[in-house]
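So the structure is just underneath, and the comments pick up after that.
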Amino acid sequence: MPTIDDILGEGGAIARAMSHWENRPQQLEMAHAVERCFDDRTPLIVEAATGTGKTLAYLVPALLSGKRVVISTGTKALQEQLFYKDLPFIAEHWHEEVDAVLLKGRRNYLCKLRFESMKMNPSFRSRDDAQLWPKILSWASHTESGDRAEIEGLPDDWPTWSDLSVGAEGCLGSDCPHYEQCHVTVARRRASTARIIVVNHHLFFADLALKDVGFGEILPAYDGVIFDEAHHLENVATSYFGIELSNFRFGELTGDVLRALDEAALNEDAVEDAVKVLDTAQKTFLSNLTIGLYDGSYGLAEHLERKGGALLGDSKDELFDALRKLEIAVKKSALIDSHPRLAERCAEIGADLRFLMKHGDAKYVFFLEVRGSGRFLQAMPIDLADLMRRKLLETHDIMVFTSATLSTGGDFGYFRQRMGVESDYRVAEIILPPVFDYSQQCLIYVPSRLPVPTHPDFMEGFCTIAQYLLEISGGRAFLLFTSYANMDAAWERLSEGLSERFDCFRQGEAPKNELLDRFRESEHPILFATASFWEGVDVMGEKLSLVVIDKLPFANPSDPLVRARLDLLDEQGGNAFREFSLPQAALTLKQGFGRLIRSRADRGVVAILDSRVANKSYGRYFLDSLPPAPVVWRAAGVRDWWGEHIEGPGRR
């Protein structure tokens with residue numbers, strides 16, 4: 001049996017296979033730490049900076065362990081890269097077959113029953129959707145996996161896909177005529193024998209939530225789990241241990257009822273009438289509940305208190321009545337034999353609605369969210385630590401938590417607190433030193449005299465400095481914002497003038513991948529972006545030489561869930577700002593910072609245009625959380641550094 005050093009060490013199998021292999025001591029250190037985790041059954045928290053090669057550092061010991069291992073990633077993009085790129089690369093040089101399987105949530109797979117129904121009577125959510133139907137037909141005729149990711153050019157938000165896939169609530173399970181050949185069944189059957197099971201955090205916690213109620217597990221028994229991009233765990237777990245009711249959930253229920261009638265060729269007037277009544281009742285209730293609200297989140301108790309209850313009370317009673325009538329109609333119809341879950345779903349939605357409208361459980365925060373055409377009524381756990389201890393830490397021992405951004409202020413205190421890893425919990429910790437030489441490759445610029453972000457003159461000052469920096473860099477920049485409002489304001493002030501010499505792109509003009517392709521193809525690109533561009537985006541080389549961040553990315557304290565978590569820490573005698581707000585913002589800042597230096601050849605400037613870093617006592621905390629790069633406080637220092645490190649002799 002080979003060792004880790006035989007595979008990853010200098011002169012090892014991987015080094016011999018790659019002509020440009022670089023020996024990375026940090027990668028070997030992490031691999032040996034993961035090996036100890038598997039041998040000693042002691043959980044491991046490890047921060048591995050960009051360039052470490054952490055994927056191989058955990059895959060190799062996982063394969064050598066001989067155990068069945070689940071690898072859970074923060075995004076489907078990383079999940080697919082791991083399965084389609086990293087594992088095949090290892091397999092080429094491994095001493096035995098690499099037995100791995102990719103597993104996603106149900107909605108990623110084509111439902112054969114719904115596809116057959118669609119072929120009989122094609123109908124689409126929009127006219128544009130119909131243009132992709134020939135491609136879907138061709139793909140469906142030969143796909144083995146049924147994974148929608150195989151369909152080239154299919155948008156992530158292609159509306160009609162919801163009619164071609166099915167969630168757990170609508171699946172017929174073993175009663176479906178396609179059950180044995182179902183893509184989900186085949187994938188899970190394959191997972192039951194595989195050594196490496198590649199999932200994402202959403203699927204992992206969906207499985208954990210199902211295990212909690214004692215049925216419907218998604219994953220087979222496994223020995224250990226590796227969480228890559230572990231900084232996402234709290235947000236994902238929160239959603240799966242909460243309750244959500246929305247117009248989309250109602251729509252799925254009524255749509256599934258009508259589809260079941262069509263598939264069975266049943267004429268059930270009582271059921272159809274009950275569907276119409278429920279559809280009207282839910283629209284009336286949610287409209288009454290959210291009328292006058294803009295996109296955003298709102299505390300439920302405060303909103304109901306302001307709103308008053310008369311009109312809402314009537315529509316709420318009518319909604320409960322409509323759910324009960326549909327449940328009874330289904331039970332009395334021929335559907336109850338073939339689709340018993342439809343009646344159960346009516347009762348479950350009724351129970352969730354009752355819990356949400358009482359909004360009395362102190363362990364949860366209850367709030368409304370308006371998001372485009374979506375209306376969401378939600379209850380989310382305030383303190384996830386206890387849940388994580390009971391459902392994850394006390395039921396697993398071989399666990400690896402890794403990311404490039406887990407530590408703040410030089411330790412894992414914040415991550416441990418949020419995950420419920422108390423001081424007496426035995427866990428190994430490693431913060432690996434950076435692979436890149438940030439002292440030479442990168443400069444941090446913070447303007448000490450710029451007005452604070454809340455000042456009326458902030459945006460004017462931001463744009464003046466940003467334009468100055470863009471002239472130095474020749475574009476080739478990401479401008480990352482903490483809000484769409486700031487992004488749009490900067491775009492309005494800067495884009496017209498910049499467009500005379502640079503190619504300016506703005507998030508929302510095109511899909512994310514298309515924007516990145518345009519950016520890479522341009523000679524002097526500038527991207528205005530927010531949210532999803534702060535992480536998981538790679539642009540290597542001089543094409544990205546400047547990252548400008550508008551302000552420190554503190555979570556919005558008016559968000560009901562954030563507010564509840566801050567209040568809880570204060571009530572417990574802690575300091576919510578230092579224990580939650582600061583480290584949460586530091587982790588997000590590290591993600592934005594990480595867009596710049598992706599290889600040893602990259603060089604450039606990260607400008608954090610928030611003078612609080614220079615002038616507030618907590619500014620040093622943020623700088624200490626970033627890689628060790630030099631800092632300048634005046635824009636002239638950027639020009640001097642640029643001339644020496646990027647435009648100097650031998651550089652372009």
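No experiment lies behind these values; they were computed from the predicted model shown.
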Answer with yes or no after comparing the ring centroid distance for [X] and [Y] against a 6.0 Å cut-off, counting only values under it.
| X | Y | value |
| --- | --- | --- |
| H396 | Y222 | yes |
| Y364 | F355 | yes |
| F577 | Y618 | yes |

If you compare all heavy atoms of [X] against all heavy atoms of [Y], which two are closest, and at what distance to 0.1 Å?
| X | Y | answer |
| --- | --- | --- |
| P43 | V427 | O-CG2, 3.2 Å |
| S483 | T530 | N-OG1, 3.8 Å |
| A629 | C442 | CB-O, 3.8 Å |
| L527 | L515 | CD1-CD1, 4.4 Å |
| A477 | L470 | CB-CD2, 3.5 Å |
| A49 | P434 | CB-CA, 4.3 Å |

Looking at side-chain heavy atoms only, is the closest gap between [X] and [Y] below 4.5 Å?
| X | Y | result |
| --- | --- | --- |
| T42 | C37 | no |
| D223 | V69 | no |
| V548 | L469 | yes |
| L353 | F285 | yes |
| H231 | F415 | no |
| L569 | N575 | no |
| I226 | S72 | no |
| V400 | V46 | yes |

Ion pair [X]/[Y], N-O distance below 4.0 Å:
| X | Y | answer |
| --- | --- | --- |
| R418 | E234 | yes |
| D602 | R598 | no |
| D361 | K363 | no |
| K104 | E80 | yes |
| K590 | E47 | yes |
| R41 | D397 | yes |
| R506 | D488 | yes |
| E252 | R107 | yes |
| E422 | R416 | no |
| R563 | D559 | no |

Report task. Evaluate the side-chain contact (heavy atoms from CB on, under 4.5 Å) criterion for residues I608 and I444: first the C-alpha distance (whole Å), next the side-chain angles of each, then the deciding distance (0.1 Å), finally the verdict. Result -> CA-CA 7 Å; I608 307 168; I444 298 173; 4.2 Å; yes
Can a donor-acceptor pair be found, under 3.5 Å and without considering hydrogens, that links the side chain of [X] to the backbone of [Y]?
| X | Y | value |
| --- | --- | --- |
| R595 | V547 | no |
| Q282 | F250 | no |
| S246 | R249 | yes |
| N200 | G74 | no |
| Q79 | L103 | yes |
| E229 | T75 | yes |
| S495 | E492 | no |
| K512 | S532 | yes |
| W534 | F481 | yes |
| Q441 | D437 | yes |

Classify the side-chain pair [X]/[Y] by whether it contains a donor and acceptor separated by less than 3.5 Å.
| X | Y | answer |
| --- | --- | --- |
| D228 | T73 | no |
| Q591 | T405 | yes |
| N486 | K551 | no |
| Y621 | T408 | yes |
| H232 | E535 | yes |

Please table the atom pairs, donor to acceptor, closer than 3.5 Å between any side-chain atom in residues 366-385 and protein atoms at least two apart or in another chain.
residue: E369; atom: OE1; partner: R371; partner atom: NH1; Å: 3.2
residue: E369; atom: OE1; partner: Q378; partner atom: NE2; Å: 2.9
residue: E369; atom: OE2; partner: R371; partner atom: NH1; Å: 2.8
residue: R375; atom: NE; partner: T290; partner atom: OG1; Å: 3.2
residue: R375; atom: NH1; partner: G372; partner atom: O; Å: 3.0
residue: D383; atom: OD1; partner: A385; partner atom: N; Å: 3.1

Query raised in the report: In this structure, which one of L245, N247, L319 forms a side chain to side chain contact (heavy atoms under 4.5 Å, CB included) with L286?
Result: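 So the option named by the test is N247.
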Report task. Test ring pair (Phe, Tyr, Trp, His ring centres under 6.0 Å) on F478 and F528 and set out the steps. Result -> CA-CA 6 Å; F478 276 6; F528 292 68; over 10 Å; no
Query - Step-by-step side-chain contact (heavy atoms from CB on, under 4.5 Å) determination, F320 to K316 - result: CA-CA 6 Å; F320 278 122; K316 180 182 69 174; 3.6 Å; yes
Acceptor/donor pairs from residues 445-465 side chains to any protein atom, 3.5 angstrom cut, sequence neighbours excluded:
residue: H455; atom: ND1; partner: D457; partner atom: N; Å: 2.9
residue: T464; atom: OG1; partner: E460; partner atom: O; Å: 3.0

Requested in this report: Starting from the C-alpha separation in whole Å, work towards a yes-or-no answer on salt bridge (charged side-chain N to carboxylate O under 4.0 Å, His left out) for R36 and D40.
Outcome: CA-CA 6 Å; R36 289 193 296 274; D40 302 341; 5.7 Å; no
Report task. For side-chain contact (heavy atoms from CB on, under 4.5 Å), just list the numbers for K76 and N108, CA-CA rounded to whole Å, side-chain angles, deciding distance to a tenth of an Å, and then say yes or no. Result -> CA-CA 10 Å; K76 284 191 288 187; N108 291 279; 2.8 Å; yes
Query raised in the report: Going through the checks in order, is the side-chain contact (heavy atoms from CB on, under 4.5 Å) test met by L480 and D550?
Result: CA-CA 7 Å; L480 298 179; D550 67 337; over 6 Å; no
